[in-house]
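Worksheet: the structure to be examined is printed underneath.
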Protein chains: 2
Amino acid sequence: MGRKRTKSGKIRLAEVAEHAGVSPITASRFFRNPEALSVAKRARVESAAKELGYVPNLAARALASHRTEVIGVLIPSLTNNVFSDVLRGIYDASEGNRYSIQLSNTRYSILQEEKLLRLFLAQKPAGLIVTGIDQTAESHAMLEAADCPIMQIMEIGPNPVDMMIGFSHYDAARAAIAHLFEQGHRRIGFLGARMDPRVQRRLDGYQAAMKDAGLFDQRLIVATATPTSVTLGGALFTDLLAKSPDIDSVFCANDDLALGVLFECRRREIAIPEQIAIIGFNDLEFMASAVPTLTSVRTNRYEMGRMAATMLIDAIEGRRPEQPVLDLGFKVIERQSSPARRSDSRPGASGAGAANKMVALPSSHD
Amino acid sequence: MGRKRTKSGKIRLAEVAEHAGVSPITASRFFRNPEALSVAKRARVESAAKELGYVPNLAARALASHRTEVIGVLIPSLTNNVFSDVLRGIYDASEGNRYSIQLSNTRYSILQEEKLLRLFLAQKPAGLIVTGIDQTAESHAMLEAADCPIMQIMEIGPNPVDMMIGFSHYDAARAAIAHLFEQGHRRIGFLGARMDPRVQRRLDGYQAAMKDAGLFDQRLIVATATPTSVTLGGALFTDLLAKSPDIDSVFCANDDLALGVLFECRRREIAIPEQIAIIGFNDLEFMASAVPTLTSVRTNRYEMGRMAATMLIDAIEGRRPEQPVLDLGFKVIERQSSPARRSDSRPGASGAGAANKMVALPSSHD
DNA sequence: GTCGTTGGTGGTAGCGCTGTCAACGTTCCT
DNA sequence: AGGAACGTTGACAGCGCTACCACCAACGAC
């Protein structure tokens, strides 16, 4: 019969307040807005909470405040390495603060995305991170109507719902093709898997570049809705060779495909880059390690996730970014699979306008 | 003035009940335990809910019931492909039911794990999935005391907190070495990165196998705490060659390292498998596609995640498994990087006891 | 000295739902 | 026929916290 408690023995805010000699509401304020308290009470509540081992009840808080401290994240895939880097950035940025991440995967279906969005929104999240800019009209309307900050990631486009962080897959693909043009390649194949909107835009960039150069040929394109894999890269390359035996290079819409092409070339004893040059997309870690090392378009995935979560949290807490749309750019990383052929060309970064488009990042705020 | 509502215009359970002509509590029961209602009322509530577009308030539910419908998942890494497969299984299994997944990563730190565990437990999760069996004493105590089902995944061990699903990394490593022995290899190197508990147990298995055969040599082992990567595989292999130039084969504690070794061999013009045989671990997709194709120990990661979530949900809902510890086994997949040398050996699965230890899976319950 | 203003504090009244228990009608058993 | 047992329903009282508003002291402006 010592201290007053609920039957469960759980420490509630009321116990902390009593222990600190303040009213419950003052104790409550301590956790939400400590600056509003006098220094003396702040210290008293703090030590009382620590002493009692108080753990706030999030459900009660959510119920009373009509808000949660959950950041919802919708990504299309958990398998794809690309997203794991982004996720790592998001989790890193959300660590150490009050927000918790709730992750769902849409499996590349915008209908599934719409469903999950509805689910998330019903929980009144503090903020939302969604992948891409191709939501259904319904989803878009829900996002517009949501009373929390929204971050769209992975690419940038004309009509941000709220904030946006990514890069132009179209420009990146054009830069990749420009790089191959520079090396003197003309019969450039395209290999694409999954063909989600971002891969589609890479294809668009490829087509535009080829058409501009008067080199477009439908037979150079092999694209499938099948999920990507290294094995698939070999298979698609085989298809490409059958359609267009005279190709001199391949642009792979992602690095797994590029690795598959590398192995398929080994199998067929096709010399890289002498007979076929290869360029991938994303610049995953293994690209620098392969034999020969593989050229790729580097994208800033970790940074994208980290910045997205950081900006989102800032926005949730009222610190709106001066610039809601951030282009993180990309960079063609030239390696042995597509080396400069002409000795007069500058080494390293190519001269093509967009090819070296690294945007300076605002410094991290902590 | 029309229907009675809260100021926000939100549909609450009370509105649904009124619309259906039942009491709020009956409506509540409809969502938790429909079988308890008479067929007539069930239908009335159902249509009322649908008509009004009712969305339950999870915070209120959690507050009143002292429970949530969150399944907490603690994994060491988001980058590692191994976990992304497991996660995919978990998400797949949790789809379509009421539970939502809350993911956190411990970054391979058991102290961080303990901290996160405390955080999760405070939220009264419906269930918890944790990685491995090497929790701190404190963590273990918390898990034991938790009033929700607990699932430990990735490996199996002697003292399950509750349920457990995985396989023996020790046995799997022994099977890998047994396979190399069968091909006549004697100077077998070991390459390990990160050296988390599971990799450590693979090393233990390697050492035991080598000692049993009288072939153990400390100079055959190269292990580092550095996170794994393909590039690292090449570097570790370089170290190994410097320490033991006479090796005839390498057991890589994961497939990224194996791929790095493959490339390093290419660079050094070492013939695989003639000069060096390679065996990896996990059997990631690219292993079957490499040139030469790479032998590996297949582990059932997706299945592990799917089964873990399925069994956990069953346990949450009172359907306790007859068998709380499930060994999903492994299988040595023999490929070109370590082909059978003796024509008299049986093809495919080796004869070694543990080498082909695939446990039959209980059929999925839906 | 009065008035407004500010910073700090507390009281009241819920947030939307469910646990508990009581009560009812119906069926089945003896 | 009486009673137990069951299935179904409802009333009530919170769960633990915060929004809202009221209040009080301290201060400066006039």
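Here is the naming used below: chain letters follow the sequence lines, and residue numbers restart at 1 for every chain.
Between B/Glu95 and A/Arg107, at least one side-chain nitrogen of the basic residue sits less than 4.0 Å from a carboxylate oxygen of the acidic one, meeting the salt-bridge criterion. Taking 4.0 Å as the cut-off between side-chain N and carboxylate O, B/Asp162 and B/Arg320 count as a salt-bridged pair. Ion pair A/Arg42/A/Glu46 not flagged as a salt bridge, since none of the NZ, NE, NH1 or NH2 atoms sits closer than 4.0 Å to an Asp/Glu carboxylate oxygen.
The distance between atom CD of A/Glu15 and atom C1' of D/dG16, rounded to the nearest whole Å, is 10 Å. We find that CZ of B/Arg12 is positioned 12 Å from P of C/dG14, with the value rounded to whole Å. Going from atom CG of B/Asn57 over to atom C1' of C/dC17 covers 8 Å, rounded to whole Å. The CG-C1' distance, from A/Leu13 to D/dT18, rounds to 9 Å in whole Å. In this structure, CD1 of A/Ile25 is placed 9 Å from C1' of D/dC20, rounded to the nearest angstrom. Rounded to whole Å, atom C1' of D/dT9 lies 17 Å from atom CD of B/Glu35. C/dG16 atom C1' lies 11 Å from atom CG of B/Leu58, rounded to whole Å. Taking atom CG on B/Asn33 and atom P on C/dC17, their separation rounds to 18 Å, with Å as the unit.
There is no side-chain donor-acceptor pair under 3.5 Å between B/Gln123 and B/Gln102.
In this structure, A/Phe30 reaches neither bases nor backbone, as no heavy-atom distance under 4.0 Å exists between it and the strands shown. Residue B/Arg29 is in base contact, counting any heavy-atom pair closer than 4.0 Å across all strands shown. Nucleic acid contact class of B/Arg42 (heavy atoms, under 4.0 Å, all strands): none. A/Phe31 comes within 4.0 angstrom of nothing in the nucleic acid, heavy atoms only.
Between B/Tyr54 and B/Phe31, the ring planes are tilted. Angles from 30° to 60° get that label.
Across C/dG16, C/dT18, D/dT18, the shortest atom-to-atom separation from the side chain of A/His66 is found for C/dG16. Taking only side-chain atoms of A/Leu63, from C-beta outward, the nucleotide of D/dG10, D/dG16, C/dG10 with the closest atom is D/dG16. Listed nucleotides C/dC15, D/dT9, D/dC17 differ in distance to B/Lys41; the shortest reach to its side chain belongs to D/dT9. The B/Ala64 side chain lies nearest to C/dG16 when the options are D/dG10, D/dT18, C/dG16. Of the candidate nucleotides C/dG11, D/dA19, D/dT9, C/dG11 has the atom lying nearest to any side-chain atom of A/Ser23. Nearest nucleotide to the side chain of A/Ser38, out of C/dT9, D/dT9, D/dC17: C/dT9.
The side chain of A/Arg67 places no N or O atom within less than 4.0 Å of a non-bridging phosphate oxygen (OP1 or OP2) of C/dC15. Using a 4.0 Å cut-off, some side-chain N or O of A/Tyr54 falls inside it from OP1 or OP2 of D/dC17. For D/dA19, the OP1/OP2 oxygens have a side-chain nitrogen or oxygen of A/Arg32 closer than 4.0 Å. Between B/Thr26 and D/dG10, a side-chain N or O to OP1/OP2 separation shorter than 4.0 Å is present. Contact between the side-chain N/O atoms of A/Arg61 and the OP1/OP2 oxygens of D/dG16 is not found at any separation under 4.0 Å. Of the side-chain N and O atoms in B/Ser28, none sit less than 4.0 angstrom from OP1 or OP2 of C/dC17.
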Candidate pair B/Leu103 and B/Leu78, rule side chain to side chain contact (heavy atoms under 4.5 Å, CB included), full reasoning: CA-CA 10 Å; B/Leu103 184 69; B/Leu78 284 166; 3.8 Å; yes
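Heavy-atom distances to DNA chain D give each of B/Val39 and B/Ala60 a nearest nucleotide, and the one nearer the 5′ end belongs to B/Val39.
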